There are 2 protein chains.
Amino acid sequence: MKGSNCKICEDKSCAVSVLNKNQLDILNNNCVESKVKKGEIILRAGAMVSHIIYLRTGYVKEYVVCENDKSKILQIIKHHSYLGLHSLFGDKINHYSYSALEDLKICYIDVNIFNQFIKEKGDFAYEVLAYVSRESLNNFFRFINQSNKRINGRFADVLLYFSEKIFNNLSFNFLLSRQELADLIGVSRENTARVLSKFEADRIINISGKNIEILKIDLLKKISKNG
Amino acid sequence: MKGSNCKICEDKSCAVSVLNKNQLDILNNNCVESKVKKGEIILRAGAMVSHIIYLRTGYVKEYVVCENDKSKILQIIKHHSYLGLHSLFGDKINHYSYSALEDLKICYIDVNIFNQFIKEKGDFAYEVLAYVSRESLNNFFRFINQSNKRINGRFADVLLYFSEKIFNNLSFNFLLSRQELADLIGVSRENTARVLSKFEADRIINISGKNIEILKIDLLKKISKNG
DNA sequence: TATAAAATGTGCTATAAATCACAAAGAGTA
DNA sequence: TACTCTTTGTGATTTATAGCACATTTTATA
C-alpha cells in the first residue's frame, strides 16, 4: 500500500525532518505505509529486526510476557515514534512486543536505508541519538518512581504520566483495560480497581467508562511526591 | 594532568576505535585525564553537562537520591563506559549521580568535539548509538526482572548480573555495602542480610567479607527463573 | 433481545517484605 | 588496648499488597 509521499508527510519524525529533498526521495522509495487494526500485534519479542517501524498515528503498548505468563507493560507509545529502535543497533533481535491500542498508521522503513542515513548524515544520526536517549531517560524515570513508591504514589505517577506525557490533557481515554493498567504500574488487577475507586471517591479523578478526568492535579502531585 | 595519548590509549571506547589518526589527534587535544579516589562523587544529578566523562578503569555506581532520602542504585558501570551519555542529547542536564566504588581513571572530553565526531563521522555516531541502545536494553531487562520477581529471584538476578555482566567471574569482590546492595535490588537492608545468609546456608554462594563466590550457578539460574 | 463470556469491583484472608529493636561484629581513632 | 562509631545480622511485629471467592457490570455474539 503505497500512496502517501515522505516528502509531503505531515507525520515526519525529528530525524526525517532534517533530510533534504533528495534523501526524502530515497526514503520514499524504501518506505511502505500500512494500517494496523486495534488489538493486532505489530512486532513480537524475539523476532529479527527486518524493518524500522515508525508509528504515524495512534497509540501502541510496548510489553513483554514473562515466563510465568505475567505481562509487564513497559510504556505507552504515541504517534511520531519508532518502535524498538534500540534493538536495531545491538543484536538485531526485538526485545519487546508491540500491539495496537487503537487503529494505527505505521511505516516500514528499510533498515539499510536508515543505517545509510545515520552514517552519511550527521544531523540525522544526532536526532536518532537524541530520540533513543530521551526515551531511555523517560522510561528510567518511571522505573525509579515505581521501585521507590507504594501503590497510591504509583497510581498518581501513572495518571500524571498519561495526562502530561501521553495525552497532553487533563481528560483522556486511557485505552487500557484494568488488567493492562495493572501490568503497566506493577500491581494486581484487584488493587487497580480499589485505588481507582478510592481516588474517585476522594474526587481526585472522575471516571466514566474508559475516560478519566483529573480533577485535583495538585493533590495528585502531592501523592506522587509522598510516595 | 595530561600525560597519556589517545592515539596509543589501551582503553579506547568502541566509538573512539573507529577514529582515524587525524581525528585521534583532535580528540587528544580536547581530552583531559584525571584520577578519582574511591568514594568521590564524579558527577551529580542536576548538574549541567559540561564534558563527556569516559571511565578508563575502575567501577562506578550510578544512582539517584529520592525526595525521601532513599537512594536507588541504577547500575554498576565498569571500565570503557561513558557516564551519563544520554543526558548529552537531551536537556543537557545530568539525571543521575555517579560515584567511584574504587580508585578510577577517567577522561574529560570536550562536548563540542564529541558532537562534531557524531555529525562528521557516521561510524562514530553508529557506535555511540549502539552503546546507548545496548545500555538502555540491559538496564530495562533488569528493571523488568525487578518488577516481576520476589526477593529471592531478585537476589539471584543480581548475583548473576555481577558474575556475568560486571566482573566476568564466579568469584568477585562486589564493592558495595549491604545497604548499597539493597538500594540496587530494591529491598530493605535487613532482608539483604537475611537472603545472603540463607543463600550461604544453602551453599549456593560463599561469602568472605566483601567477596562472594557463586557455588551453584545452575540453582541460582533456577531461582532467577522461578522468581 | 437474549445469552454467554469477559471484565471489573469488593470483602476477606494469606503472605511477603518492611520496620522495629537490639545484639554482634568490624573499622577507625585516641 | 580500650573506646566510639558504623555496619551487619537476626528475631518479633506490623503493614502493604497479593490472592481468593464471588457478585456485578460490561461487552460480545447468536
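Below, all heavy atoms of this structure are taken into account, side chains as well, without hydrogens, waters or symmetry copies. Keep in mind that this is a model prediction, so the values were computed, not measured.
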**Study point:** For atom CZ of B:Arg150 and atom P of C:dA14, their distance in whole Å
**Key:** 17 Å

Check your understanding: With a non-hydrogen cut-off below 4.0 angstrom, is B:Gly209 in contact with a base, only sugar-phosphate, or nothing?
Key -> nothing

Check your understanding: Any chance NZ of B:Lys210 has more than 12 other-residue heavy atoms, nucleotides or ligands included, within less than 6.0 Å?
Key -> yes

Study note, to complete from the structure: Here the distance between atom P of D:dT25 and atom CD1 of A:Ile207, to the nearest Å, is 16 Å

Practice item. Test the A:Lys61-A:Tyr63 pair against the cation-pi criterion, namely NZ or CZ under 6.0 angstrom from the six-membered ring centroid and within 45° of the ring axis. Key: yes

Review point. With side chains defined as the heavy atoms from C-beta onward, is the minimum distance between A:Phe114 and A:Asn30 less than 4.5 Å?
Key: no

Point to revise | Interatomic distance where NZ belongs to A:Lys149 and P belongs to C:dA18 [whole Å] | key: 18 Å

Revision key, fill the gap. For B:Cys66, the side chain to side chain contact (heavy atoms under 4.5 Å, CB included) test, sequence neighbours excluded, returns A:Ile144, A:Asn148, B:Asn68

**Study point:** A:Lys198 NZ - C:dG11 C1' separation (whole Å)
**Key:** 17 Å

Point to revise | Side chain to side chain, A:Lys78 and A:Asn168, heavy atoms closer than 4.5 Å | key: yes

Study note, to complete from the structure: Rounded to whole Å, CG of B:Asn152 lies from P of C:dA17 at a distance of 7 Å

Study note, to complete from the structure: For nucleotides 7-12 of chain D, 5' to 3', base contacts (B), sugar-phosphate-only contacts (S) and non-contacts (-) with protein non-hydrogen atoms under 4.0 Å give -BBBBB

Check your understanding: C:dA18 P sits how many Å from A:Ile151 CD1, rounded?
Key -> 15 Å

Review point. Reckon A:Lys70 touches a base, only the sugar-phosphate, or nothing at all at heavy-atom distances under 4.0 Å?
Key: sugar-phosphate

Revision key, fill the gap. Separation of C:dA7 atom P from A:Asp183 atom CG, nearest Å, is 12 Å

Practice item. Decide if atom NZ of B:Lys225 counts as having more than 12 heavy atoms of other residues, nucleotides or ligands within a radius under 6.0 Å. Key: no

